[in-house]
Amino acid sequence: MSSSRAGLAAALVTALTFTLGGCGMQTTAPGSARAEAASDAKGSFGSVDCRKAKCIALTFDAGPGKDTPRLLDILEEKKVPATFFLLGRDHVLKHPDTVRRIAAEGHEVANHTWSHEILTDRKPDEIRAELKRTQDAIAAITGTKPRLMRPPQGRTDDTVSEISKELGLSQVLWSTTAKDFSTNDSALIRKRTLDQAGKDGIILLHDIYEGTVPAVPGIIDTLKERGYTFVTVPQLMAPAEPRPGTVYRP
C-alpha cells in the first residue's frame, strides 16, 4: 500500500462515528427532503421516481484510482449509476481520463477535498482551499463544478457548513459502510454492505482498496434481487434539489 493510502486508511479507521458539531447546521435525510419538496421543485429524477421505487445510492470515496476503470465497466454492464466523491491531489490530477469518463457515463462527480484533511481541524481559509481546489480541478476536466461534497471521516461543523454553502456544495454522509479500508476480503465487504443496506440508504465504499471493486457485482445483484433500484444521491432526493451547506444523512 502506498504511503498516501496507508495514511488514508489510518485516518478512516478512527471514523466509526460521525461528528456533527455546532447547532446551526441543517441536517436532513434524503427521503425527508424528497417528501418536503415544494410542488415546483426541479430536482432530476433520472429514470426512476424514488417516491415510488425502493431506492438506494451507491457511493465511492477517495478515488479515482487504478481500479476505477474496472468499476466503471461493472457499473456500465449492470446499468447502475453511482456517486463518486473524488480526492483532488494524487487522484483527480493523476487520472483525468477516468474523471472525464465518470462524468460522461452519467455518474455524479462530487468533491472529497484536496488532500483528505479533517476539515473540522482546519482554519476557514484552509477548509475553503481544500474544497475549492478540488472544485476547480474537476471543473477543468469535466466543465462542471461538483454540487456535492463528503467531508473526510464525516466530520463537519458550522464553519464547514458555511463554507460549503458559499461554494455551492451540499454535504453527504452515509448510512452503510463496509469499513473496506480495514480488509481486502471481498466476501466480508459484500456481507457488511448487504447487512446494513436499507431503503433510501447511502452506501459508502472506496474504489482504491483491493477488496472493494470485486465485491461490487455481488452487492448490486443481491440488492436488485431484494427489489432495490440504484440511483445517484441527487436522484435519491428528487424532486428536491441538494441545498448548499445542508448535511444529508439517511
Side-chain angles (χ1 to χ4, degrees), residues 1-9 12 46-47 56-113 116 134 137-138 141-142 144 146 148 150 152 172 174 176-197 201-226 228-236:
M1 181 183 292
S2 69
S3 59
S4 62
R5 290 190 182 186
L8 178 57
L12 284 169
S47 61
I56 196 164
L58 190 57
T59 73
F60 296 93
D61 279 14
K66 64 179 180 61
D67 294 329
T68 306
R70 180 182 170 199
L71 171 61
L72 290 170
D73 290 342
I74 293 167
L75 297 176
E76 182 179 24
E77 175 189 348
K78 296 185 177 295
K79 296 179 172 57
V80 166
T83 303
F84 287 82
F85 292 90
L86 305 182
L87 277 175
R89 190 185 70 191
D90 299 332
H91 295 272
V92 168
L93 294 186
K94 286 188 177 180
H95 303 280
D97 290 343
T98 303
V99 175
R100 196 173 293 112
R101 182 182 169 190
I102 291 169
E105 295 185 0
H107 304 290
E108 186 77 16
V109 181
N111 187 327
H112 195 44
T113 74
H116 209 266
T134 307
I138 290 173
I141 295 168
T142 68
T144 303
L148 308 178
R150 177 168 282 158
V172 179
W174 59 90
T176 298
T177 174
K179 301 179 185 176
D180 52 350
F181 51 82
S182 65
T183 179
N184 286 328
D185 185 337
S186 298
L188 179 58
I189 292 168
R190 183 173 63 250
K191 182 180 186 303
R192 286 174 174 175
T193 301
L194 296 173
D195 285 350
Q196 298 173 53
I202 298 176
I203 297 170
L204 165 62
L205 293 169
H206 300 80
D207 46 328
I208 60 169
Y209 297 122
E210 292 181 7
T212 301
V213 172
V216 170
I219 291 169
I220 291 173
D221 291 346
T222 302
L223 289 178
K224 282 186 173 181
E225 289 170 2
R226 294 179 184 177
Y228 286 95
T229 298
F230 288 91
V231 294
T232 65
V233 171
Q235 289 170 345
L236 187 65

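Residue numbers count from 1 along this sequence.
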Worksheet entry | For Arg226, side chain to side chain contact (heavy atoms under 4.5 Å, CB included) partners two or more places apart | Leu194, Thr222, Leu223, Tyr228
Fill in: Distance-minimising heavy-atom pair for Thr232 and Ala82
CG2-O, 3.8 Å
Worksheet entry | Partner of Ile202 under side-chain contact (heavy atoms from CB on, under 4.5 Å), chosen from Ile56, Thr177, Leu236 | Leu236
Worksheet entry | Distance, nearest 0.5 Å, that separates CD1 of Ile219 from OG of Ser186 | 9.0 Å
Worksheet item: Going through the distances and angles, do Thr113 and Phe85 end up as a side-chain contact (heavy atoms from CB on, under 4.5 Å)?
Response: CA-CA 9 Å; Thr113 74; Phe85 292 90; over 6 Å; no
Worksheet item: For Val213, which of Asp73, Leu205, Ile74, Leu72 qualifies under side-chain contact (heavy atoms from CB on, under 4.5 Å)?
Response: Ile74
Discussion item. Checking Thr176 now: which residues fulfil side chain to side chain contact (heavy atoms under 4.5 Å, CB included) with it, not counting sequence neighbours?
Written reply: Thr193, Gln196, Ile203
Worksheet entry | Sub-4.5 Å side-chain heavy-atom contact between His206 and Phe181 | yes
Discussion item. Closer than 3.5 angstrom, by distance alone: can the side chain of His91 be matched with the main-chain N or O of Gly65 as a donor-acceptor pair?
Written reply: no
Worksheet item: What pairs of residues pass the side-chain hydrogen bond (donor to acceptor under 3.5 Å, both in side chains) test when at least one of them lies in residues 76-89, not counting sequence neighbours?
Response: Lys78-Asp221
Practice prompt. Tell me, with the steps shown, if Glu108 and Leu148 meet side-chain contact (heavy atoms from CB on, under 4.5 Å).
Written response: CA-CA 9 Å; Glu108 186 77 16; Leu148 308 178; 3.9 Å; yes
Fill in: Where at least one partner belongs to residues 186-196, residue pairs that pass salt bridge (charged side-chain N to carboxylate O under 4.0 Å, His left out), sequence neighbours excluded
Lys191-Asp195
Practice prompt. Output, in order, the C-alpha distance, side-chain angles, deciding distance and verdict of side-chain contact (heavy atoms from CB on, under 4.5 Å) for Val216 and Leu71.
Written response: CA-CA 8 Å; Val216 170; Leu71 171 61; 4.0 Å; yes
Worksheet, complete the sentence: Applying salt bridge (Lys or Arg N to Asp or Glu O under 4.0 Å) to Asp61 and not counting sequence neighbours gives Arg150
Response to the item:
Shortest non-hydrogen pair, Pro146 vs Val109, comes out as CB-O, 3.5 Å
Worksheet item: Of all heavy-atom pairs between Val99 and Pro64, which one has the smallest distance, and what is that distance?
Response: CG2-CG, 3.8 Å
Worksheet item: Under 4.5 Å between any side-chain heavy atoms of Thr59 and Trp174, yes or no?
Response: no
Worksheet item: Does some side-chain heavy atom of Arg70 sit less than 4.5 Å from a side-chain heavy atom of Pro214?
Response: yes
Practice prompt. Would you indicate whether the side-chain heavy atoms of Leu87 and Val92 approach each other to under 4.5 Å?
Written response: no
Worksheet item: Side-chain contact, heavy-atom cut-off 4.5 Å: Phe60 with Thr68?
Response: no
Worksheet entry | Rounded distance [0.5 Å steps], CD in Glu210 versus OG1 in Thr183 | 11.0 Å
Practice prompt. Kindly compute the distance separating CG (Asp207) from NZ (Lys66), expressed to the nearest 0.5 Å.
Written response: 10.5 Å
Discussion item. Could you work out, with side chain to side chain donor-acceptor pair (under 3.5 Å) as the rule, every residue matching Thr98, not counting sequence neighbours?
Written reply: none
Fill in: Side chain proximity check, Leu75 to Leu58, heavy atoms < 4.5 angstrom
yes
Discussion item. Holding to side chain to side chain donor-acceptor pair (under 3.5 Å), I want the full list of residues that pass it with Glu105, two or more places apart in sequence or in another chain.
Written reply: Arg101
Discussion item. Under the rule for ring pair (Phe, Tyr, Trp, His ring centres under 6.0 Å), what residues qualify as partners of His107, not counting sequence neighbours?
Written reply: Phe84
Fill in: Side-chain donor or acceptor of Asp180 paired with backbone N/O of Ile189 under 3.5 Å
no
Discussion item. Students often mix this up, so state it plainly: with edges at 30° and 60°, are the rings of His116 and His112 parallel, tilted or perpendicular?
Written reply: perpendicular
Worksheet item: Quick one: are Asn111 and Thr134 in side-chain contact, heavy atoms under 4.5 Å?
Response: yes
Item to complete: Specify the closest pair of heavy atoms between Thr144 and Thr142, including all atoms of both residues, with the distance to one decimal.
Response: O-OG1, 3.0 Å
Worksheet, complete the sentence: Distance col, row Leu204:CG vs Lys179:NZ, nearest 0.5 angstrom, shows 11.5 Å
Discussion item. Could you work out, with side chain to side chain donor-acceptor pair (under 3.5 Å) as the rule, every residue matching Thr229, not counting sequence neighbours?
Written reply: none
